[in-house]
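Reviewing the structure listed below.
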Amino acid sequence: MDDDPRQALAELGIRPRRSLGQHFLIDPRVATRQISHARIRPSDVVLEIGPGLGVLTRLLAERAKRVIAIESDRRFAAYLRRRLPQVEVIQGDALRVDWPRFDVMTSNLPYQISSPLTFRLLDHAFDRAVLMYQWEFARRMRASPGTADYSRLTVGVYRRAACEILERVPRNAFYPQPRVDSALVSLIPRPAPFPLEDPGRFDAVVDSLFAHRRKTVENGLRLGWTAFARSREELEALLPSVPHRTRRVGELSPEEIARIAEAIPMAKG
Ligand code: SAM
């Protein structure tokens, strides 16, 4: 790679901080595959989170109309501005700064913000995303009901996007080497693939139920009653009309959770 991150780090005198998820891609074949999965068109505006030393950024800048990169580490932000002046670098926390409009997101995500970043992404309008996650996290994004990986994340992603694991990426593709493998994941936003009356209420029910995923639906709702009723008694009165109420939360499909949400008349703010 003409821009080996190890060489750049040595020249800059920077030691990567694992606490900031600073694992740099050193296998150029993976970088090339990630970019080709994203099918960048010359008209695309691309947003990259955590560009680091710019391994993906340079390839994106060669293909897209415009690339915006958000990097929290000011040393990497300054380095990128010098090295790729055609890229707009925003120095800041990707969970806090405003995002511009974009068509495509391609990123090797800092793993410690994977979950909030993914939910923030899925609240935006965009065309497609190809993102690198930790392998275990990717499995939770795509899990089936009744499995150990099935979670709030699975349901939250499923209601908002088509999600596909494109490939497993071995840990030795990164420096410093993480303790676990990674996965390239594609996300394509789409409407929920089941009738959904009130997405906000659905999310509130998912949050409440998955706080206790091994419990039954009725016990989960009882533990989170303040979200749905003015009193415990009011919640109890509601329960007989809630479908699947004696089943365990972790076994319910998103469609079944949507039916439960419909039976709960009002999620209090
Ligand atoms: N894209 C580079 C690559 O593939 O080699 C670096 C990827 S590294 C896994 C994650 C990058 O995200 C690091 O450069 C790190 O400094 C940056 N980062 C960590 N937390 C961040 C945050 N909250 N907002 C923006 N960038 C962040």
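Numbering starts at 1 and runs along the sequence shown. Basis for what follows: all heavy atoms, side chains included, without hydrogens, waters or symmetry-related copies. One-based numbering, in listed order, for ligands and for the atoms of each.
- Protein heavy atom nearest atom 5 (O) of ligand 1, with residue, atom name and distance: Leu25 N, 2.9 Å.
- In this structure, Glu256 pairs ionically with Arg247, as a charged nitrogen and a carboxylate oxygen lie closer than 4.0 Å.
- Annotation for ligand 1: atoms under 4.0 Å from non-hydrogen atoms of Ile70 are 25 (C), 26 (N).
- Arg58 has a carboxylate O that lies under 4.0 Å from a charged side-chain N of Glu62, or vice versa, which qualifies the two as a salt bridge.
- Residue Pro110 places no N or O, backbone or side chain, under 3.5 Å from any N or O of ligand 1.
- Against a heavy-atom cut-off of under 4.0 Å, Gln112 is close to the following atoms of ligand 1: 19 (C), 20 (N).
- One finds no salt bridge joining Arg201 and Glu262 here, because no Lys/Arg side-chain nitrogen approaches an Asp/Glu carboxylate oxygen to under 4.0 Å.
- Protein heavy atom closest to atom 21 (C) of ligand 1, with residue, atom name and distance, is Ser72 OG, 3.2 Å.
- Between the CZ atom in Arg75 and the CD atom in Gln22 there is a gap of 6.0 Å [rounded to 0.5 Å].
- Residue-level proximity to ligand 1 for Pro5 is absent, since no heavy atom of it falls below 4.0 angstrom.
- With ring centers used as reference points, Phe194 lies under 6.0 Å from Phe202.
- Checked for salt-bridge contact, Asp127 and Arg41 meet the test: a charged N lies under 4.0 Å from a carboxylate O.
- Among all non-hydrogen protein atoms, the one lying nearest atom 10 (C) of ligand 1 is Gly21 O, 3.4 Å.
- For atom 19 (C) of ligand 1, the nearest non-hydrogen atom of the protein is Leu20 O, 3.1 Å.
- Remark: ligand 1 atoms within the under-4.0 Å shell around heavy atoms of Gly92 are 24 (N), 25 (C).
- Ligand 1 has no N or O atom lying under 3.5 Å from any N or O atom of His23, backbone or side chain.
- Annotation for ligand 1: atoms under 4.0 Å from non-hydrogen atoms of Gln22 are 13 (C), 15 (C), 16 (O).
- Among protein heavy atoms, atom 16 (O) of ligand 1 sits closest to Glu71 OE2, 2.6 Å.
- Using 4.0 Å as the threshold, Ala31 has no heavy atom nearer than that to any atom of ligand 1.
- At a 3.5 angstrom cut-off on N or O pairs, Ile113 does not count as close to ligand 1.
- Classification of Asp27 and Arg33 as a salt-bridged pair fails, no side-chain N sitting under 4.0 Å from a carboxylate O.
- Residue Leu109 approaches ligand 1 through these ligand atoms, each under 4.0 Å from one of its heavy atoms: 9 (C).
- The protein heavy-atom contact nearest to atom 1 (N) of ligand 1 is Gly50 O, 2.9 Å.
- Nearest protein neighbour of atom 24 (N) of ligand 1, counting heavy atoms only, is Ala94 N, 2.9 Å.
- Using a non-hydrogen distance threshold of 4.0 Å, Met132 does not register as a contact of ligand 1.
- Residue Glu48 touches ligand 1 through its side chain alone, judged by heavy-atom distances below 4.0 Å.
- No side-chain donor-acceptor contact under 3.5 Å links Glu251 and His244.
- Between the side chains of Tyr79 and Glu71, no donor N or O sits under 3.5 Å from an acceptor N or O.
- Close N/O approach between Pro51 and ligand 1 is found [any backbone or side-chain N/O within under 3.5 Å].
- Which parts of ligand 1 touch Phe24 is read off a 4.0 Å heavy-atom cut-off, strictly below it: atoms 5 (O), 6 (C).
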Can you give each donor-acceptor pair under 3.5 Å made by side-chain atoms of residues 131-141, sequence neighbours left out, with the distance rounded to 0.1 Å?
residue: Tyr133; atom: OH; partner: Thr118; partner atom: OG1; Å: 2.8
residue: Arg139; atom: NE; partner: Asp149; partner atom: OD2; Å: 3.1
residue: Arg139; atom: NH2; partner: Asp149; partner atom: OD2; Å: 3.0

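- Nearest heavy atom pair, residue Ile188 against residue Arg128, reads CG1-CB, 4.3 Å.
- Between atom 7 (C) of ligand 1 and the options Ile26, Ile90, Asn108, Asp93, the minimum heavy-atom separation is to Asn108.
- For the pair Ser208 (side chain) and Val205 (backbone), a donor-acceptor distance under 3.5 Å is absent.
- Looking at Asp73 next to ligand 1, no N or O pair under 3.5 Å apart turns up.
- The ring pair (Phe, Tyr, Trp, His ring centres under 6.0 Å) search around Phe126 returns Phe102, not counting sequence neighbours.
- Checked for salt-bridge contact, Asp207 and Arg152 meet the test: a charged N lies under 4.0 Å from a carboxylate O.
- Per-residue contacts place Gly52 under 4.0 angstrom from the following atoms of ligand 1 (heavy atoms of the residue considered): 6 (C), 14 (O).
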